[in-house]
There are 2 protein chains.
Amino acid sequence: MVQQRLDRTQIVESAIAFVDACGLGELTMRRLGTVLEVEAMALYRHISGRADLLEAMVDELIDGLFDDELMTEDAHSWEEYLQRVANATRKLAIGHPRIFPLIATQPPAAPWLRPPLRSVRWVEEFLSSLQRFGFSDRDAVAAYKSFTSFLVGALLLHAASLTPEAIGDEDAEASSETDLGQYPTVQRLQDLLREDHTQREFDDALDDLIERIRTSRDK
Amino acid sequence: MVQQRLDRTQIVESAIAFVDACGLGELTMRRLGTVLEVEAMALYRHISGRADLLEAMVDELIDGLFDDELMTEDAHSWEEYLQRVANATRKLAIGHPRIFPLIATQPPAAPWLRPPLRSVRWVEEFLSSLQRFGFSDRDAVAAYKSFTSFLVGALLLHAASLTPEAIGDEDAEASSETDLGQYPTVQRLQDLLREDHTQREFDDALDDLIERIRTSRDK
DNA sequence: CTAGGTTGATTACGCCGTAAACATGAATAG
DNA sequence: CTATTCATGTTTACGGCGTAATCAACCTAG
């Protein structure tokens, strides 16, 4: 996959693929240059620096959400709409677990843009959609806030669980066994703690959030 | 505040203070050394590297939660207990907004340790407390999961809003005015979006989470 | 064909984390 | 009391980082 000319979106996409494969810490201007068969400084013709690159990666992914199949046709209720956005975002987090922390964490362009729906375009889409379903101004904004909080909390933790990321390594001994001698409850509940019901927990929490939004809505 | 001898907890505390003041990106071994009036390499006698330092900072803060006044005496109901933990954690996030992303984001020591209550000690305290109030094994674990998700979502976004962090700067023009011409809903709701009701939203969401936990509990 | 602008390559600078060797002073053993 | 050990901080050095500045090659317009 060799190109004649370098191009901003191609750089950003390569960076995303690289981080997906190797992790954020490995992303380096020089290494990204190598991947694109170009010298590191060539990248600066198209992006203004590392910070700009990270921002562009986040923007690319968030904007890409619009193209998700779940988003391409209109929802028939606001509940269905929220479910579609939530599930599309969840797919994004699962698809790019090493980038999602960036999406959740990077300071947004304006303080009222809340991750992960952190582009003006998305806020517009979100608020206007809810209003099309009859939400008042206040209710739409309140829903935006609680919905984004929900997504960040649920998805950031889920994404983190998908990235081994080579933790401490510590000793060469059993890498998962800490003492737990003095922690009887944790020891007893260890199996339950390990069980993964992410999908169901996500759906349940979303259902409850929807219920919460419904009942706190102006009539 | 000059000491004769360097000491691990002193290093960690200085690092926390430094990041609170200057931001994570400014934290450097050399600079931290300067603060402590010591050469950078001296730090390596007490910590094994930058990664270890960051981990120690997180641990220090999370363990410090136990000393919060809200945690020093027993709660009389599990609802009150959750409220105390939530509010203590909230104080932590507000007190160290530039470190909280680390607390939420850094890969935990074990996959079943969920930020921000990411120490075995905390999980033990949390689960055993709920069980003292009659929670079954499953319910306690389920509450741990939904509660941590809630905290991360609510507090990470709140902490982010407290860190100006010197965003793009972009042009010298009005740093907060984007066009918004093509975003009529956002434009119209701009004031509502800017309004800050974090405390109330936090309390409301917590109340609803508690209600959710109550009704999904085994009888 | 030529002039100018765009794109990538080269070179260089200062900062980073940290490995390794060294210095020093306090604790300990004889 | 002296000699030795060991813990602690210093010095030096290395490779990698982001990126400013300069340069060379190429496309494109006239």
Side-chain angles (χ1 to χ4, degrees), chain A residues 1-16 18-19 21-59 98-99 102 105-107 165-170, chain B residues 1-16 18-19 21-58 98-99 101-102 105-107 165-172:
Chain A
M1 198 269 272
V2 184
Q3 315 255 138
Q4 204 116 34
R5 249 177 152 66
L6 219 46
D7 154 55
R8 177 168 170 116
T9 71
Q10 177 201 171
I11 292 178
V12 173
E13 281 165 11
S14 296
I16 291 173
F18 187 91
V19 173
C22 307
L24 243 184
E26 305 298 307
L27 178 65
T28 268
M29 291 299 163
R30 294 180 220 266
R31 283 207 266 259
L32 183 56
T34 304
V35 167
L36 293 163
E37 296 181 300
V38 117
E39 295 302 313
M41 288 310 293
L43 305 173
Y44 284 79
R45 296 284 169 195
H46 307 273
I47 61 175
S48 72
R50 186 175 204 270
D52 183 41
L53 174 60
L54 295 181
E55 196 184 310
M57 292 166 61
V58 168
D59 289 353
R98 309 176 108 147
I99 307 185
L102 217 59
T105 276
Q106 194 119 130
E165 202 75 23
I167 321 280
D169 267 24
E170 235 14 49
Chain B
M1 200 267 271
V2 185
Q3 317 255 139
Q4 206 117 31
R5 248 174 151 66
L6 218 46
D7 154 54
R8 178 171 170 113
T9 71
Q10 177 200 170
I11 292 178
V12 172
E13 280 165 11
S14 295
I16 290 173
F18 186 92
V19 172
C22 307
L24 243 184
E26 305 298 305
L27 179 65
T28 268
M29 291 299 164
R30 292 180 220 265
R31 283 208 267 259
L32 184 56
T34 304
V35 168
L36 293 163
E37 299 181 298
V38 116
E39 296 301 314
M41 287 310 294
L43 305 173
Y44 283 78
R45 295 283 171 195
H46 307 272
I47 61 175
S48 73
R50 188 175 202 270
D52 183 41
L53 174 60
L54 296 180
E55 195 183 311
M57 292 166 61
V58 168
R98 309 176 107 147
I99 306 185
L102 217 59
T105 277
Q106 194 117 131
E165 201 77 20
I167 322 280
D169 268 24
E170 242 3 55
D171 301 352

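Atoms considered below: every heavy atom in the structure, side chains included; atoms not considered: hydrogens, waters and symmetry mates. All of these numbers come straight from a predicted model, not from anything done at the bench. So you know, we letter chains A, B, ... as the sequences are listed, proteins then strands, and number each from 1.
- Under 3.5 Å, the side chain of A:Arg30 and the base of D:dG18 form at least one donor-acceptor pair of N or O atoms.
- Residue B:Ile47 contributes atom CD1, which lies 11 Å from atom C1' of C:dG17 at whole-angstrom precision.
- The distance from atom OH of B:Tyr44 to atom P of D:dT11 is 17 Å, rounded to the nearest whole Å.
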**Request:** Determine, stepwise, if the pair A:Leu27 / A:Leu54 fulfils side-chain contact (heavy atoms from CB on, under 4.5 Å).
**Result:** CA-CA 10 Å; A:Leu27 178 65; A:Leu54 295 181; 4.1 Å; yes

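- Comparing atom distances between the A:Arg5 side chain and each of C:dG17, C:dT7, D:dG18 picks out C:dT7 as nearest.
- We find the CE-CD1 distance between A:Met29 and A:Ile11 to be 9.0 Å, quoted to the nearest 0.5 Å.
- One can place CD of B:Glu26 at 13 Å from C1' of C:dC16, the figure rounded to the nearest angstrom.
- Distance, A:Leu43 CG to C:dA9 C1': 12 Å, rounded to whole Å.
- A:Arg8 places its CZ atom 17 Å from the C1' atom of C:dT6, with the value rounded to the nearest Å.
- Here the C1' atom of nucleotide D:dG16 and the CG atom of A:Leu32 are 16 Å apart, to the nearest Å.
- Here the C1' atom of nucleotide C:dA9 and the NE2 atom of A:His46 are 13 Å apart, to the nearest Å.
- OP1 or OP2 of C:dC16 lies within a sub-4.0 Å distance of a side-chain N or O belonging to B:Arg31.
- What separates CD of B:Glu39 from P of C:dG17 is a distance of 14 Å, to the nearest Å.
- The CD atom of A:Glu13 sits 8.0 Å away from atom CG of A:Asp7, with the distance rounded to the nearest 0.5 Å.
- Here D:dT19 is the nucleotide among C:dA19, D:dT8, D:dT19 with the atom lying nearest to any side-chain atom of A:Met29.
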**Request:** Could you go through the side-chain contact (heavy atoms from CB on, under 4.5 Å) check for A:Leu24 and A:Arg98 one step at a time?
**Result:** CA-CA 7 Å; A:Leu24 243 184; A:Arg98 309 176 108 147; 5.9 Å; no

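- Counting non-hydrogen atoms under 4.0 angstrom, A:Ala42 reaches the backbone sugars and phosphates but no base.
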